[in-house]
Participant: 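There's a structure below that I have some questions on.
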Amino acid sequence: MGPIGFIGVGAMGASIASRLVGKFELLVNDRNESAADDLVRAGAKFASPEEIAAKCRVVMLCLPAPKDVTGLLLGPDGLVNQIVEGTVVVDMTTSSPTADIEVEKALRARKASFADAAIAGGVRRARAGTAVLMVGADQDVFDRIKDLLFVVTSDAIHVGTVGTGHAMKLVNNLLNNCNRFAALESIRLGQDAGLERDVIIEVLNKSSGRNYTTEYTYPQLLSGDTYLPQGFTLGLMLKDLQLANELADTSGHGTPIGHLVQTFTEQAVERFGSTADQSQLMAEWYDGLVAPAAEASEAVV
């Protein structure tokens, strides 16, 4: 297969790339060069995006947002102009189908291919190889990269054509974030009714109300009034909600709960800052569980 390129090795990107280092010749890049230190120590080579484009026939991306992907590939000095014929660009960013279609069109003009391969399960599961990849690509493109993706995780699922991988990720993240606020509201209700939080969590996890927040976030990350970072910021959480609601608006599908949760998340960002870990939300979100009436009614229109 030759060398593999990986651009964007922040918390999630580095976790994914750690599955590949030592198994492939791996060229990595990040705007923050020190983010790649652990991968380089493990055998990867730090390289410029231009070197990656020239040498790698598979280039994987894991960037903060769709604008970062289109900026890198389609900007004034866009990398798409240096991509070699036959290359497959695999975008693992939580992005949008709209951006996917734009990028895929530009790559096709260069006789290159595109796959959106969104990942779900968090940093911990990505590093362990137990996350799920939702892959949007033509069948022949998926067949070319599937062995590589199965090194990242055994759960690499071909969900459809270009754009469907990111659409599936937005569906997942919308539900996850709605569940997060619903769990928080319900657990706080139980505490206000005199129940101990550990008792609430134990019973919920043996009942129909269980979800990722009750099964993992509370038991593993929260203890008393302290919390362990989950490795995902409130700013990124808000970005995912905005993308999911934009997808819904584009397709004419109403997401009133999703818009309400976006309002709550905006309030959390105002309160804690966009760089705060989402676990801080779980540990400290005591007030303002219900948006002001004007905001709430506007959110669900």
Side-chain angles (χ1 to χ4, degrees), residues 3-21 24-75 77-80 82-83 87-96 99-100 102-104 106-107 112-127 129 131 133-137 145 148-149 151-153 156 165-166 169-170 173 231-233 235-237 239-240 243 274-275:
I4 305 298
F6 205 113
I7 301 176
V9 289
M12 180 58 80
S15 297
I16 300 168
S18 72
R19 305 289 307 166
L20 305 174
V21 68
F24 300 91
E25 181 185 352
L26 188 65
L27 277 60
V28 299
N29 177 270
D30 195 278
R31 286 180 295 184
N32 174 18
E33 187 169 346
S34 64
D37 286 350
D38 287 345
L39 291 167
V40 170
R41 279 192 288 269
K45 175 188 174 184
F46 193 88
S48 69
E50 292 76 18
E51 183 180 359
I52 289 173
K55 292 183 176 179
C56 301
R57 298 292 74 80
V58 176
V59 178
M60 306 175 85
L61 310 177
C62 190
L63 302 175
K67 63 181 177 62
D68 300 295
V69 175
T70 55
L72 173 70
L73 294 173
L74 308 180
D77 299 313
L79 203 64
V80 72
Q82 300 173 59
I83 293 289
T87 298
V88 181
V89 174
V90 183
D91 184 18
M92 309 179 95
T93 307
T94 299
S95 189
S96 71
D100 294 337
E102 184 181 7
V103 169
E104 194 272 341
L107 286 168
S113 303
F114 180 77
D116 49 300
I119 191 164
V123 169
R124 173 184 60 90
R125 287 180 58 195
R127 188 169 293 276
L133 280 174
M134 299 153 275
V135 187
I145 61 174
L148 174 65
L149 299 182
V151 175
V152 175
T153 174
H166 283 141
K169 176 65 182 291
L170 295 178
N173 284 15
F232 196 76
T233 67
L236 290 175
M237 180 178 169
K239 180 264 296 183
D240 289 357
L243 288 174
S274 62
T275 60

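Only this structure's heavy atoms are used, side chains among them; waters, hydrogens and symmetry mates stay out. Residues: numbered from 1 along the sequence shown.
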Participant: Locate the shortest heavy-atom distance separating N29 from S48; write the atom from each residue and the value.
Facilitator: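 Nearest heavy atoms, N29 then S48: ND2-CA, 3.9 Å.
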
Participant: Going by heavy atoms in the side chains, are H166 and L243 under 4.5 Å from each other?
Facilitator: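 Sidechains of L243 and H166: no contact.
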
Participant: Can you check whether K45 reaches K55 side chain to side chain, under 4.5 Å on heavy atoms?
Facilitator: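 Contact flag for K45/K55 side chains = yes.
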
Participant: If you apply the rule side chain to side chain contact (heavy atoms under 4.5 Å, CB included), what do you find for R125 with I119, and how did you get there?
Facilitator: CA-CA 10 Å; R125 287 180 58 195; I119 191 164; over 6 Å; no

Participant: Answer yes or no: is there a side-chain heavy-atom contact under 4.5 Å between K169 and D116?
Facilitator: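 Not in contact.
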
Participant: So, taking the atom named CG in L26 and the one named CG in L20, what distance separates them when rounded to the nearest 0.5 Å?
Facilitator: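 Output value for this atom pair is 6.0 Å.
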
Participant: Could you tell me the separation between the CZ atom of R41 and the CG atom of D38, rounded to the nearest 0.5 Å?
Facilitator: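 If we round to the nearest 0.5 Å, R41:CZ and D38:CG are 4.5 Å apart.
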
Participant: Are more than 12 heavy atoms from other residues, nucleotides or ligands located less than 6.0 Å from atom CG of N32?
Facilitator: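 Atom CG in N32 is crowded, with more than 12 foreign heavy atoms closer than 6.0 Å.
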
Participant: How many angstroms lie between CG in L39 and CG in L27, if you round to the nearest 0.5 Å?
Facilitator: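 Going from the CG atom of L39 to the CG atom of L27 covers 12.0 Å.
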
Participant: So do R19 and T153 actually touch side chain to side chain, heavy atoms under 4.5 Å?
Facilitator: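 No. Closest side-chain heavy atoms not under 4.5 Å.
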
Participant: What heavy-atom pair brings T275 and T233 nearest, and what distance separates the two atoms?
Facilitator: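 What the structure gives for the nearest pair is O-CG2, 3.7 Å.
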
Participant: Counting only heavy atoms not in E50, do more than 12 sit closer than 6.0 Å to its CD atom?
Facilitator: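 Yes, because the 6.0 Å sphere around CD of E50 holds more than 12 heavy atoms from other groups.
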
Participant: Indicate every side-chain donor-acceptor pair of residues 61-75 with a distance under 3.5 Å to a residue at least two apart or in another chain.
Facilitator:
| residue | atom | partner | partner atom | Å |
| --- | --- | --- | --- | --- |
| D68 | OD2 | A65 | N | 3.0 |
| T70 | OG1 | P66 | O | 3.3 |
| T70 | OG1 | K67 | O | 3.2 |

Participant: Taking side chain as C-beta onward, heavy atoms only, is V58 less than 4.5 Å from F24?
Facilitator: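 The answer is no; the side chains never approach within 4.5 Å.
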
Participant: Measure across L170 and S95 and return the closest heavy-atom pair with its distance rounded to 0.1 Å.
Facilitator: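 Smallest heavy-atom distance, with atoms named: CD1-O, 3.8 Å.
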
Participant: Give me the atom names and distance for the closest heavy-atom approach of S18 to V21.
Facilitator: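 Nearest heavy atoms, S18 then V21: O-CG1, 3.6 Å.
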
Participant: What's the shortest heavy-atom distance between V28 and A36, and which atoms?
Facilitator: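 Smallest heavy-atom distance, with atoms named: CG2-CB, 3.9 Å.
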
Participant: As an exercise, state the distance from CD1 of I4 to CE of M60, rounded to the nearest 0.5 Å.
Facilitator: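 CE of M60 is found 7.5 Å from CD1 of I4.
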
Participant: With a 4.5 Å cut-off on side-chain heavy atoms, are F114 and D91 touching?
Facilitator: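 A side-chain contact exists here, since the closest heavy-atom pair is under 4.5 Å.
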
Participant: Rounded to the nearest 0.5 Å, how far does OG1 of T94 lie from CG of L236?
Facilitator: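 Answer rounded to 0.5 Å: 8.0 Å.
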
Participant: Can you tell me how far the CG atom of D240 sits from the OG atom of S96, to the nearest 0.5 Å?
Facilitator: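 Reported value, rounded in 0.5 Å steps: 11.5 Å.
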
Participant: Mind listing the closest non-hydrogen atom pair of G5 and I52 along with its distance?
Facilitator: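 Answer, listing the atom of G5 first, then I52: CA-CG2, 3.7 Å.
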
Participant: Is the number of heavy atoms from other residues, nucleotides or ligands within 6.0 Å of CZ (R31) greater than 12?
Facilitator: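 Not more than 12 within 6.0 Å, no.
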
Participant: Find out whether L107 and T87 are in side-chain contact, i.e. whether some heavy atom of one side chain is under 4.5 Å from a heavy atom of the other.
Facilitator: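 In short, these two side chains do not touch, never coming nearer than 4.5 Å.
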
Participant: With a 4.5 Å heavy-atom cut-off, do V90 and L148 have their side chains touching?
Facilitator: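 When only atoms from C-beta onward are counted, L148 and V90 do not touch, as no gap falls below 4.5 Å.
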
